[in-house]
*Asks:* 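Below is a structure I'd like to ask you about.
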2 protein chains.
Amino acid sequence: MATMKDVAKLAGVSVATVSSTLSGRSFVSDELKQRVEAAIRELGYAPNAMASGLKRGTSSLIGLIVPDITNPFFTELVHCIQRRAAEAGFVVLLGVSDDQVAREAELIALMRSHRVAGTIVIPCGGEQDCMNLSRLAAGMPLVAADNAPPGMALDTIVLDNRMAATLATSHLLSLGHKIIATIAGPPHRFVSHERFVGFMTVLESKGLSVGADHVKRGDFHVASAREAGLALLQSAPRPTAIFVANNQMLIGTMQAVAEMGLSVPHDVSVIAIDDFPWAAAFTPTLTTVRQPIDALAEAAIERLKLRVGGLQEDPCRIVLAPELVIRQSCRAPLEDA
Amino acid sequence: MATMKDVAKLAGVSVATVSSTLSGRSFVSDELKQRVEAAIRELGYAPNAMASGLKRGTSSLIGLIVPDITNPFFTELVHCIQRRAAEAGFVVLLGVSDDQVAREAELIALMRSHRVAGTIVIPCGGEQDCMNLSRLAAGMPLVAADNAPPGMALDTIVLDNRMAATLATSHLLSLGHKIIATIAGPPHRFVSHERFVGFMTVLESKGLSVGADHVKRGDFHVASAREAGLALLQSAPRPTAIFVANNQMLIGTMQAVAEMGLSVPHDVSVIAIDDFPWAAAFTPTLTTVRQPIDALAEAAIERLKLRVGGLQEDPCRIVLAPELVIRQSCRAPLEDA
DNA sequence: AACGTTTAGCTAAACGTTTCGTCAAGGGGG
DNA sequence: CCCCCTTGACGAAACGTTTAGCTAAACGTT
């Protein structure tokens, strides 16, 4: 593959002149500029980003580490981050941690090795694991989004998970539900915990209690929620509404309802956190709490750019407000059958 | 950030020894090996992939260019490719062409600049655009998957689109449908064309014809299919079945059916190419033709590895067989109402 | 004892850029 | 007319690795 030296030789100039022509950092006469450009075209020259990065000590790469790209929430987040990164002139180096803390740590080391300008991570671990992240970053600008507990020595950008749970739960209460169950996420994760606490707090404030039978844990994936849903629907008294901690588990819950020969919202109302593109295409359309994903992406890239620029101030925490999207999957409970 | 030189100094050895220790390419005594490892830990040293890539003339990066990551077919493909790339020791540099040929070309140049070992592209353009790709790659190993017409000077891996359309159409015919409409994809794209031809061929072979009113074009996105679906359902005679060219447009079609106050499969049967994770969660569950996405990913990575390894033989074309997944969205048509 | 061989480690020259300092030529002010 | 400043171009030294080639010590053979 052609190098700058080849271009220089063909154009009859020095490599310094070629470099100046490309970077525009110093003045080159039109005459030479044209000769250089012609040579570049003729040779099909593309500058070597590794050499340039090595010399300049930076790269135009940013790392992006997500637990699982097939979860539509993450898909959308990757989409938004990649778009905004591209607008800012960065290319995204994609890492998938597959929900494994050890893999996440490896990926951070990998990003460091590639001397990315900075990295955005959606942590997959519990609080302790998250607290480790800043140490692993070891100087690389690192911004944590979504599952990031407070107190990390990093810029963090999160949803107001308690408010999201509060919106969902209050909606169910306002429809008249009294027997409400939940399918929560993995207990050690920050987002699960917050959503669960939000849920319980609202109920307690209304003097309602939740039976142990009516609290199930899933792992944020479909299958676990199907099982949890089946168990909930067979418990007595059967809940009239289920608050589900994320979108994937909402699908599992819907499957469970169908398998039991019941229907939403006739027999049971269902609501979840995290909207997704097809929530409006289901029958019934699904009521959810939407996270402002693009705002999350924007804030993450913005903070990262500041840190890449050398900003040294204390870690900041940005908390974004969720929004209730009312569709058809929740309605008033039937009178006691 | 610490360099090899720092490590060498701290360990009291030369940089060559550090390099040997890390790469294992030549013998280092246990004594020194341990001193080096201790120094690495103490300094939090991570090798500079840019420097190493520059010197060795290769990188462990591969480029991946997709039209749109939010389409679940591409999401799954990115997922599988990234997993297999990681297994092979590569990191994925993600580019999104956003269905724009010009952007796709830019991204190929970008990948080239970063001296990726090779690139996998899902072309977003028509036949002419695709034919250009090998020229743009200019020596960089490039493998095209999915929307890749024959005749490209590249390894290509595609679904047997005609067979997919044939499976779907034959299924509708076998259920007794006579008035079948289609929502096809953008005409210039290879996959659209093949799917449309497959559809028409089957019908013609059975002596059936399709009215002009019953052929609509979408752009592979939801909204276009909703409109197309509304138009189809208002045409006379109303089709008893609709063959939809991809999964996103299936969603749009379902919306159209719902808006018309009709129901699937009672009033109209619906089938599409491209399965997706939630096809089984819809009511009714959706009948689709599944592409073997992971096999596509595997073959793409495999070919890419061969080319990266320097394989010079003629371009090869791998065609994968689709599979009909029968669920609930298709059934026999009602007797004439 | 002299000689090759092996071995463990080192020196130094690349890789393809960027950029600092230099230089020659030209122009303007005194 | 001389000097200095500006301008456009260049030479060369980095950046952090890898690796070919070297050195010196240790060893085994005659």
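Just so you know, these numbers come straight off a predicted model, no measurement behind them. Chain letters run A, B, ... following the sequence lines, proteins first and then strands; every chain starts at 1.
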*Asks:* Quick one: is dA9(D) close enough that its OP1 or OP2 comes under 4.0 Å of any side-chain N or O from S29(A)?
*Replies:*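 Answer is yes, contact under 4.0 Å.
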*Asks:* For A51(A) versus L54(B), what's the shortest heavy-atom pair and its separation?
*Replies:*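 Minimum heavy-atom contact is CB-CD1, 3.8 Å.
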*Asks:* With sequence neighbours excluded, what pairs up with P149(A) under the side chain to side chain contact (heavy atoms under 4.5 Å, CB included) test?
*Replies:*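 Here the qualifying residues are E127(A), C130(A), M131(A), M152(A), F190(A).
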*Asks:* Suppose we screen for side chain to side chain contact (heavy atoms under 4.5 Å, CB included). Which residues come up paired with E313(B), at least two apart in sequence or across chains?
*Replies:* R303(B), R307(B), L311(B)
*Asks:* For residues 133-148 of chain A, which residue pairs qualify under side-chain hydrogen bond (donor to acceptor under 3.5 Å, both in side chains), counting only residues two or more places apart or in two chains?
*Replies:* N132(A)-R135(A)
*Asks:* Please tabulate, one pair per line, all N/O donor-acceptor pairs under 3.5 Å involving side-chain atoms of residues 90-105 of chain A, not counting sequence neighbours.
*Replies:*
{"unit_1": "S97(A)", "atom_1": "OG", "unit_2": "V66(A)", "atom_2": "O", "d": "3.4"}
{"unit_1": "D99(A)", "atom_1": "OD1", "unit_2": "R189(A)", "atom_2": "NH2", "d": "2.8"}
{"unit_1": "D99(A)", "atom_1": "OD2", "unit_2": "H221(A)", "atom_2": "NE2", "d": "3.3"}
{"unit_1": "R103(A)", "atom_1": "NH1", "unit_2": "E106(A)", "atom_2": "OE1", "d": "2.8"}
{"unit_1": "E104(A)", "atom_1": "OE1", "unit_2": "C124(A)", "atom_2": "N", "d": "2.8"}

*Asks:* I'd like to check the salt bridge (Lys or Arg N to Asp or Glu O under 4.0 Å) partners of R115(B); sequence neighbours left out, ordered by chain and number.
*Replies:*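 Salt bridge (Lys or Arg N to Asp or Glu O under 4.0 Å) check on R115(B) returns nothing, list empty.
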*Asks:* Could you give the CG-to-C1' distance, from L22(A) to dT19(C), as a whole number of Å?
*Replies:* 15 Å
*Asks:* Using the rule given for salt bridge (Lys or Arg N to Asp or Glu O under 4.0 Å), can you reason through E31(B) versus R35(B), listing the C-alpha separation, both sets of side-chain angles and the distance that settles it, and then say yes or no?
*Replies:* CA-CA 7 Å; E31(B) 150 87 24; R35(B) 293 220 312 260; 2.8 Å; yes
*Asks:* List for me each residue that meets side chain to side chain contact (heavy atoms under 4.5 Å, CB included) alongside S52(B), sequence neighbours excluded, and say none if there are none.
*Replies:*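 Listed in chain order: R56(B).
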*Asks:* Quickly work out the E31(A) CD to dC10(D) P distance and round it to whole Å.
*Replies:*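 Those two atoms, CD and P, are 11 Å apart.
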*Asks:* Map T17(A) and T3(A) onto DNA chain C by nearest heavy atom, then report which one ends up closer to the 5' terminus.
*Replies:* T3(A)
*Asks:* Report the distance from atom CG of D6(B) to atom C1' of dG16(D), rounded to the nearest whole Å.
*Replies:* 10 Å
*Asks:* Starting at atom NZ of K5(A), determine the distance to atom C1' of dA12(D), rounded to an integer number of angstrom.
*Replies:*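 That distance rounds to 13 Å.
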*Asks:* Taking the side chain of L54(B) as heavy atoms from C-beta outward, which of dT17(C), dT17(D), dG16(C) is closest to it?
*Replies:*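 When the side chain of L54(B) is considered, dG16(C) is the closest of dT17(C), dT17(D), dG16(C).
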*Asks:* With a 3.5 Å cut-off and sequence neighbours excluded, list the donor-acceptor pairs that the side chains of residues 4-14 of chain A form with protein atoms.
*Replies:*
{"unit_1": "D6(A)", "atom_1": "OD2", "unit_2": "T3(A)", "atom_2": "N", "d": "2.9"}
{"unit_1": "S14(A)", "atom_1": "OG", "unit_2": "A16(A)", "atom_2": "N", "d": "3.4"}
{"unit_1": "S14(A)", "atom_1": "OG", "unit_2": "T17(A)", "atom_2": "N", "d": "3.2"}
{"unit_1": "S14(A)", "atom_1": "OG", "unit_2": "T17(A)", "atom_2": "OG1", "d": "3.1"}

*Asks:* Which donor-acceptor pairs under 3.5 Å do side chains of residues 76-84 of chain A form with protein atoms, sequence neighbours excluded?
*Replies:*
{"unit_1": "R83(A)", "atom_1": "NH2", "unit_2": "D294(A)", "atom_2": "OD1", "d": "3.2"}
{"unit_1": "R84(A)", "atom_1": "NE", "unit_2": "D294(A)", "atom_2": "OD1", "d": "3.2"}
{"unit_1": "R84(A)", "atom_1": "NH2", "unit_2": "D294(A)", "atom_2": "OD2", "d": "2.8"}

*Asks:* Using the C1' atoms of the five pairs at each end, what is the angle between the end axes of the helix from dA1(C)-dT30(D) to dG30(C)-dC1(D), to 10°?
*Replies:* 60°
*Asks:* Got a sec, which residues hit side chain to side chain contact (heavy atoms under 4.5 Å, CB included) with A299(A), two or more places apart in sequence or on another chain?
*Replies:*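 Only I157(A), I318(A) meet the side chain to side chain contact (heavy atoms under 4.5 Å, CB included) criterion with A299(A).
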*Asks:* Expressed in angstrom and rounded to an integer, what is the separation of R112(B) atom CZ from dG16(C) atom P?
*Replies:*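 Distance check: R112(B) CZ to dG16(C) P gives 14 Å.
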*Asks:* Within this structure, what is the CZ-to-C1' distance between F27(A) and dG8(D), rounded to whole angstrom?
*Replies:*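 Going from CZ in F27(A) over to C1' in dG8(D) covers 10 Å.
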*Asks:* Return no unless some side-chain N or O of S14(A) is found under 4.0 Å from OP1 or OP2 of dC10(D).
*Replies:*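 True: S14(A) side-chain N/O within range (under 4.0 Å) of dC10(D) OP1/OP2.
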*Asks:* In whole Å, I'd like the distance from the CE atom of M1(B) to the P atom of dT17(D).
*Replies:* 10 Å
*Asks:* Residues of residues 40-51 of chain B with any non-hydrogen atom less than 4.0 angstrom from an atom of DNA chain D: list those, numerically ordered, please.
*Replies:* Y45(B), P47(B), N48(B), A51(B)
*Asks:* Under 3.5 Å between N/O atoms: give me all the protein pairs with nucleotides 19-23 of chain D, atom names plus distance.
*Replies:*
{"unit_1": "dT19(D)", "atom_1": "OP2", "unit_2": "R25(B)", "atom_2": "NE", "d": "3.0"}

